[in-house]
Amino acid sequence: MPQLDALRAFAVFFIMMAHYIPEDNFLYRIFPWGGMGVRLFFVLSGFLVTIGLLVYKNQIDLENKNTWSLIRKFYLRRVLRILPIYYITILIVSIFNIGNIRQHLFWHISYLSNIYISFNGWIGYASHFWTLAVEIQFYLIWPFIIIFADRKHLKPIILLTIAIAPISRILFLLIGADTAAIAFTTSNFDALGFGALIAYYNWESSFSKISLNKVGNYGLIIGLFILITAYVLRASSPDIGKFNREYYLIILDLNAYTLISTWLIINASNGFKGVIGKILTAKFIIYLGKISYGIYLFHNFINVIIFYPKLFKILHLPYPSSIEMQIIYKILATVLISALSWQIIENPINSLKSRFK
């Protein structure tokens, strides 16, 4: 499914823009860069992980494959893709203490940074690791749920998983834990769950692609309606209190981004046609999707190191004075470093996954 790799490229581009554009710049306000990028990543992760687990489930139920052997295979493949470059990044960044990462090193090493952030606030240039922590925590429980659950219970379990998230966000808002409504694990179960639901419907033979496309279209319509509603509420209540402002942002906006991401992934998994299809099958964009994990890991640290004046003198480059040129420099530097990382470190390690097919 090459179009899904292309969606990864767009997701990571949105996140880069969220962190590279100053908040007072008009570009920051024209699109929900961060929210859309993160939710797209989560829905995509939920879909890809679940579709793989459902294949394993078929192998166990229909081909009598060994359950624990397949679970072991799942985790070995995940470990090879995620952990090596993550810990290499943490090691390098910690040596130079970029973004003061040493202060919260335990939370990053243990993949618990989202828990710390939920109740203590954002932690600078390593804050983006919270999404990786959410995914790892999800991976710890989801394979056992999918593989050991009775087939007839899978859909209710996935729907329950989706329902947990808005309840979680509301409860955290009620106790004043605004950041937990974004970063705590259960607050993101809807995005991961919608991805799982797409995978389930792709796997369930009685559910046609036409029906799945209809589900996606309804999701898109509802998502756009929610965004318009949230915009009207903000515009009509400019001086509302903090709770209401956060309520609109978290409860409404995140739901909308998730539904729109669901529509994107349904259509990309089936293959977009026309202009969108051509964009999502462009080789360069697909390549960016393949190296998107590295881009995500490195991009926020590039924010710190790229504008040391001495660096530009060494490279004999003019120091960028405009915001637009700074953004371009950051994107180019991030992509270049990520491409090198993919070629030298990630791809050789990733190729070992072929031993666990």
Counting the benzene-type ring for Trp, do [X] and [Y] have ring centres under 6.0 Å apart?
| X | Y | result |
| --- | --- | --- |
| F172 | F184 | yes |
| Y75 | Y139 | no |
| F31 | F14 | yes |
| W68 | Y56 | no |

Atom [atom1] of [X] with >12 non-hydrogen neighbours under 6.0 angstrom:
| X | atom1 | value |
| --- | --- | --- |
| F148 | CZ | yes |
| F144 | CZ | yes |
| F96 | CZ | no |

Any link between M36 and F225 through a network of hydrophobic side chains (Ile, Leu, Val, Met, Phe, Trp, Tyr) touching at under 4.5 Å? no
Consider only side-chain N and O atoms of D61 and N58, and report whether a donor and an acceptor are under 3.5 Å apart. no
In terms of side-chain heavy atoms, does S338 have a donor or acceptor partner in Y296 at a distance below 3.5 Å? no
Closest heavy-atom pair, F42 versus A191, reported as atoms and distance to 0.1 Å, is CB-CB, 3.5 Å
Does [Y] offer a backbone N or O that forms a donor-acceptor pair with the side chain of [X] under 3.5 Å?
| X | Y | value |
| --- | --- | --- |
| T50 | F47 | no |
| N347 | W342 | no |
| Y257 | G223 | no |
| D5 | K290 | no |
| R169 | A181 | no |

Among F298, Y87, F301, which residue meets the ring pair (Phe, Tyr, Trp, His ring centres under 6.0 Å) test with F129? F301
Please work out whether the ring planes of F138 and W142 are parallel, tilted or perpendicular, with thresholds of 30° and 60°. parallel
Listing request: all salt bridge (charged side-chain N to carboxylate O under 4.0 Å, His left out) pairs with a residue in residues 17-40, at least two apart in sequence or in separate chains. R39-D190
Have a look at Y20 and tell me which of T334, N303, N25 forms a side-chain hydrogen bond (donor to acceptor under 3.5 Å, both in side chains) with it. T334
Can you name the one residue among L48, L288, I286 that meets side-chain contact (heavy atoms from CB on, under 4.5 Å) with R8? L48
